[in-house]
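This report concerns only the one structure given below.
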Amino acid sequence: MTEPGEERTTAAVRPYVITRGRAGSSRDALPLETLVKSSGSALPPALQPEYRRIVRCCQGLLSVAEVAAHLGQPPAVVQVLLADLIDWGHIVARPPIRVAERADMDLLRKVLDGLESKL
């Protein structure tokens with residue numbers, strides 16, 4: 001049986017091991033709301049299990065935050081792994097959709113009001 005302190009230490013080392021000690025990637029950190037999806041490319045046989053889990057998880061569009069939640073890993077770890085998979089062509093990412101500006105909302109309101117008046 002292990003002591004509670006030992007479990008915390010082991011859990012704290014795991015993300016470090018998964019990312020091979022990297023805290024960042026070759027690209028800017030992916031925002032948590034970035035949507036990612038598997039590209040469908042064949043995975044190399046020697047690919048680390050965490051990478052395989054991410055690709056399996058990303059059969060549909062998921063945000064980086066959702067992938068982290070599904071894997072039970074800290075978002076920073078998942079961001080590093082996703083960046084690797086994007087660089088290797090196994091994951092595609094869609095940048096977050098920008099928040100509509102006020103002028104866009106006004107235009108949409110006018111269109112909606114016009115449609116409602118036709119009913």
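If you're wondering where the values come from, they're calculated on a predicted model, not measured in any experiment.
Side chains of Leu47 and Trp88 form a contact here, defined as non-hydrogen atoms less than 4.5 Å apart. Side-chain contact between Glu50 and Leu71 is absent, with no heavy-atom pair separated by less than 4.5 Å. Cys57 has its side chain out of reach of Arg52: every pair of non-hydrogen atoms, C-beta onward, lies at least 4.5 Å apart. Using a 4.5 Å cut-off on side-chain heavy atoms (C-beta onward), Leu32 and Gln79 make contact. When side chains are defined from C-beta on, Thr34 does not count as touching Pro95, because their heavy atoms never get closer than 4.5 Å.
Shown here for Cys58 and Val36, the closest heavy-atom pair between the two residues is SG-CG2, 3.8 Å. Residues His90 and Ala42 approach most closely at CE1-O, 3.2 Å, considering heavy atoms. Nearest approach of Val55 to Ser38, heavy atoms of both residues: CG1-OG, 3.6 Å. Contact between Ser41 and Gly89 at its shortest, heavy atoms only, is OG-O, 3.4 Å. The shortest heavy-atom contact between Arg53 and His70 is NH2-O, 3.9 Å.
One finds the CG atom of Leu62 at 11.0 Å from the CD1 atom of Ile54 (value rounded to the nearest 0.5 Å). To the nearest 0.5 angstrom, Ile91 atom CD1 is 11.5 Å from Tyr51 atom OH.
A search for side-chain contact (heavy atoms from CB on, under 4.5 Å) contacts involving Ala69 returns nothing, not counting sequence neighbours. Every residue two or more places apart in sequence or in another chain that forms a side chain to side chain donor-acceptor pair (under 3.5 Å) with Ser63 is listed here: Glu66. In this structure Leu61 satisfies the side-chain contact (heavy atoms from CB on, under 4.5 Å) test together with Leu35, Lys37, Arg94, sequence neighbours excluded.
The closest donor-acceptor contact from the side chain of Ser39 to the backbone of Val92 lies at 3.5 Å or more, if one exists at all.
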